[in-house]
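Okay, structure first, notes after.
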Amino acid sequence: LAAPKLYVRAREPSSAIAAALRERLSQGTGNLIVGSIKPLAQVIASSSMSLPEFLSGVLSWFAALALFLMLTGTYAVASSTAKRRTREAAIRIALGASRRDILGSYLREAALIGSVGAGVGWGVSLGLARAIRSWLYGVAPTDPYTLTVAASAVLAACLIATYVPVRAALRTDPWTKLRYE
């Protein structure tokens with residue numbers, strides 16, 4: 001059961017009002033317990049987020065959404081590229097290349113592409129650091145931990161997106177693959 005609240009508008013300082021309110025309310029009835037008396041600005045500040053905290057929260061959600069969309073897009077592009085190259089893998093296997101060498105070459109290529117993408121993203125974010133400084137709350141725009149996590153996510157998405165379809169393509173018989181294509 002929530003306790004009733006009383007709001008009083010006054011022109012005097014809050015300490016003088018608080019003492020007068022306590023005295024007046026205690027005279028009226030003996031059953032009334034007076035809790036804390038605080039200025040309304042303090043009540044509002046403690047019960048809600050400030051504008052910078054709110055904007056930081058909204059910006060964090062949009063950043064997480066952007067990271068998810070980037071990872072999904074990176075996975076789709078890398079996966080599509082790897083699937084298109086299954087015929088090339090089948091030819092290389094038919095000519096004597098080992099499956100491990102083929103997988104390694106595709107992963108090195110994906111790591112290079114992911115590293116370039118992460119580097120470009122890191123450079124752009126550092127270039128825009130001054131512009132977004134006022135939007136951030138509690139973190140610097142050049143926070144190395146955040147930038148490293150984002151770059152690692154791009155690199156991991158490229159590697160996983162390449163590994164999964166190439167691994168599946170390498171499990172199939174190369175002669176069957178070449179016969180149907």
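In what follows, every heavy atom counts, from backbone to side chain, and hydrogens, waters and symmetry copies are set aside.
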message: Nearest 0.5 Å, please: how far is CZ in R92 from OG in S98?
response: 9.0 Å
message: Applying a strict under-4.5 Å side-chain criterion to I, L, V, M, F, W and Y, I'd like to know whether I93 and L107 cluster together.
response: yes
field: Minimum heavy-atom distance between I102 and A89, given as atom pair plus value
entry: CD1-O, 3.7 Å
query: With the 4.5 Å side-chain cut-off for hydrophobic clustering, are L112 and Y163 part of the same group?
result: no
message: I'd like to check the side-chain contact (heavy atoms from CB on, under 4.5 Å) partners of A129; sequence neighbours left out, ordered by chain and number.
response: P141, T142
Spacing of CD1 belonging to I91 relative to CD belonging to E88, to within rounding of 0.5 Å: 7.5 Å
Side-chain donor-acceptor pairs of residues 147-160 under 3.5 Å, sequence neighbours excluded:
unit_1 : atom_1 : unit_2 : atom_2 : d
T148   : OG1    : P144   : O      : 2.6
S152   : OG     : T148   : O      : 2.8

field: side-chain hydrogen bond (donor to acceptor under 3.5 Å, both in side chains) partners of residues 108-123, not counting sequence neighbours, each pair once
entry: R85-E109
